[in-house]
Protein chains: 2
Amino acid sequence: MLTYSEENYLKTIFHLSLGQKKGVSTNAIAAKIETKASSVTDMIKKLNEKQLIKYQKYQGVTLTAEGIMAAKMIVRKHRLWEVFLVEKLGFNWDEVHDVAEELEHIKSEKLINKLDAFLEYPTQDPHGDPIPNAKGEIKLVDKQLLSEIDINTKVVCVGVKDSSSEFLQYLDKHKISLGTVIEIVDIEPFDQSYTIGLHQHTITITKKIASNLYVKVISA
Amino acid sequence: MLTYSEENYLKTIFHLSLGQKKGVSTNAIAAKIETKASSVTDMIKKLNEKQLIKYQKYQGVTLTAEGIMAAKMIVRKHRLWEVFLVEKLGFNWDEVHDVAEELEHIKSEKLINKLDAFLEYPTQDPHGDPIPNAKGEIKLVDKQLLSEIDINTKVVCVGVKDSSSEFLQYLDKHKISLGTVIEIVDIEPFDQSYTIGLHQHTITITKKIASNLYVKVISA
DNA sequence: ATATATTTTTAGATTTGTCTAAAATTTAGT
DNA sequence: ACTAAATTTTAGACAAATCTAAAAATATAT
């Protein structure tokens, strides 16, 4: 049985290892969990003992198969609860993260599988992130960052890279949500700001915004 | 902010104090929480510091107004989650207690009030126990133990005193649930066993069973 | 290549909640 | 009322998870 804290470390290592091939560094984990590197080293030793990660001093960590599955189950729970909060309880997509951080630690396989059925087996959470199924399988969706798309292309918004409430509220303010069709009207060479066409209006967004929006091309 | 453990103590003291006028004893708390009396004393000191209970050495504890409200909010959460598990996720009433014990500690007032609305403001949980509203008000329902009812009376089952899965499964086996009409056909003087009429059949139950079923009289 | 900077680990301390064993207090029996 | 029994508290220890400060290892820069 994993503790609350062990689960958080596994989840964090899982997320960090997606972006890279090498082991995840102590400092990277510490930054994400907002704790000290020395605390991370302590926990790394525990997870290593439990065979959930592979660890060599000073060389970072990687998850074992067992560790990956445990991490996926936590991610599964987190994202299913997010769907529940938005779809059933009427939370906005910028309000669900912190509550889901708590709910993801509830220990009951039956609960999570019944919740999954109740929600009709969603494959994505409210931010467009994939939900692992009960076997840990993740259905990857074809998506690109808006910042990688050429001018005069029509795309649909399918996810966000940054799911902080600040960014999500920015999107709300500009009426951008999952499913919103976006047309890239212009890209300013000087600062790479994007002028994009939405339903009724046209707005200009910074490179930073474009680098945090996942889209799928509809037509060139 | 209360810890998980502090919340469990408050809830336990709340439940134990309902049955009596005097302060709740250390041993009673220890028995319910399944811990040692010395651990209880330690926690009592913390809760006293936080002004959630009134405490005098060797004299047991009583909750302060603030402590009562905190306890009621935990009970509220526990029972609302139980309703959710049964009504929405299809759990049986004997399966929900342990999961609700975890869910009751999720910290979000918004969550619990939205859950309350989603469930359409239930006033009772799956075992017939009252659910405190957002203000902490509890709607007491008129009920008696089946063991207190006279012969030749028709009653309806409205709750259970013991909500252990063993007892609930016994009731399931005999097709007794909330709303079941029960007619007291006979009471054996020797062992106070009850012969009761249900929908189609008649069964005999022990005094112990009758002492754990809450009913409401329909007619004499 | 070597000095410097950064990262990581170790050592030792702290907090929370628990425990055992012993001491203090209260309760109950005669 | 006095003694025995039960309850409650205290004292000291421990495990989990964290921290600070210092030491060790690795990475970087010229």
Side-chain angles (χ1 to χ4, degrees), chain A residues 1-13 16-17 19-63 67 70-71 74 101-102 104-105 107, chain B residues 1-14 16-17 19-63 67 70-71 74 101-102 104-107:
Chain A
M1 189 64 78
L2 299 172
T3 67
Y4 194 100
S5 194
E6 286 169 342
E7 289 192 340
N8 277 335
Y9 275 89
L10 283 180
K11 181 185 62 169
T12 300
I13 295 166
L16 289 171
S17 59
Q20 60 184 81
K21 275 191 178 169
K22 305 202 306 177
V24 177
S25 77
T26 301
N27 261 3
I29 298 169
K32 196 90 173 213
I33 290 187
E34 294 186 285
T35 186
K36 303 292 165 177
S38 55
S39 305
V40 175
T41 301
D42 288 344
M43 181 57 84
I44 280 174
K45 287 176 185 169
K46 264 180 243 173
L47 295 174
N48 190 50
E49 281 294 309
K50 291 195 173 187
Q51 315 241 33
L52 294 163
I53 60 176
K54 277 190 279 273
Y55 167 59
Q56 301 223 102
K57 272 189 195 177
Y58 297 100
Q59 305 306 308
V61 300
T62 53
L63 293 168
I74 301 160
E101 286 283 300
E102 290 192 57
E104 74 189 5
H105 300 291
K107 295 198 174 353
Chain B
M1 189 65 78
L2 299 172
T3 67
Y4 193 99
S5 196
E6 287 169 342
E7 290 192 338
N8 277 335
Y9 275 89
L10 282 180
K11 182 186 61 168
T12 299
I13 295 166
F14 177 74
L16 290 172
S17 58
Q20 61 185 83
K21 275 191 180 172
K22 307 200 306 176
V24 177
S25 77
T26 302
N27 261 4
I29 299 168
K32 196 92 173 210
I33 289 186
E34 294 186 287
T35 185
K36 303 293 165 175
S38 56
S39 305
V40 174
T41 302
D42 287 344
M43 181 57 84
I44 280 175
K45 287 177 185 168
K46 266 180 241 173
L47 295 175
N48 190 51
E49 280 295 310
K50 291 195 173 188
Q51 315 238 35
L52 294 162
I53 59 177
K54 277 190 281 276
Y55 167 59
Q56 300 223 102
K57 272 191 194 174
Y58 297 101
Q59 305 305 308
V61 299
T62 52
L63 293 168
I74 301 160
E101 286 283 297
E102 289 192 58
E104 73 188 6
H105 299 291
I106 302 292
K107 294 194 174 357

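In what follows, chains carry the letters A, B, and so on, assigned in the order in which the sequence lines appear, proteins first and then strands, with residues in each chain numbered from 1. These figures come from a predicted structure and were not determined experimentally.
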Response to the item:
The side chain to side chain contact (heavy atoms under 4.5 Å, CB included) partners of Asn48(A) (sequence neighbours excluded) come to Ile53(A), Tyr55(A)
Item to complete: May I ask you to check whether over 12 heavy atoms, not counting those of Lys36(B), lie within 6.0 Å of atom NZ?
Response: no
Practice prompt. To the nearest Å, give me how far apart CG (Asn8(A)) and C1' (dA17(D)) are.
Written response: 12 Å
Discussion item. In this structure, how many angstroms lie between the P atom of dT8(C) and the CD1 atom of Ile44(A), rounded?
Written reply: 9 Å
Each nucleotide N or O in nucleotides 2-5 of chain C that has a protein N or O under 3.5 Å away: list the pair and distance.
none

Worksheet item: Measuring from Thr35(A):OG1 to Tyr9(A):OH, what's the distance to the nearest 0.5 Å?
Response: 4.5 Å
Discussion item. Treating Gln20(B) as the side-chain partner and Gly23(B) as the backbone partner, does any N or O pair qualify as donor plus acceptor under 3.5 Å?
Written reply: yes
Worksheet entry | CD on Glu6(A) to NZ on Lys50(A), rounded to 0.5 Å | 3.5 Å
Fill in: Gap between atoms NZ and P, on Lys22(A) and dT26(D) respectively (whole Å)
13 Å
Discussion item. Whether Asn27(A) contacts dT6(C) is assessed here as follows: a side-chain N or O lying under 4.0 Å from the phosphate OP1 or OP2. Is that the case?
Written reply: no
Worksheet item: Rounded to the nearest 0.5 Å, how far apart are CG of Leu10(B) and CG of Leu2(B)?
Response: 6.0 Å
Worksheet entry | Atom pair OG1 (Thr12(A)) and CD1 (Ile74(A)), whose distance is rounded to the nearest 0.5 Å | 9.0 Å
Worksheet item: CD1 of Ile29(B) versus P of dT7(D): gap in Å, rounded?
Response: 14 Å
Worksheet item: For nucleotides 10-21 of chain C, read 5' to 3', which letter fits each nucleotide if B means a protein heavy atom sits under 4.0 Å from the base, S means only the sugar-phosphate is that close, and - means neither?
Response: B-----SSBBBB
Worksheet item: Atom OG1 in Thr26(B), atom CD in Gln59(B): separation rounded to 0.5 Å?
Response: 10.0 Å
Worksheet item: For Gln56(A) and dT26(D), what is the distance between atoms CD and C1' respectively, to the nearest whole Å?
Response: 15 Å
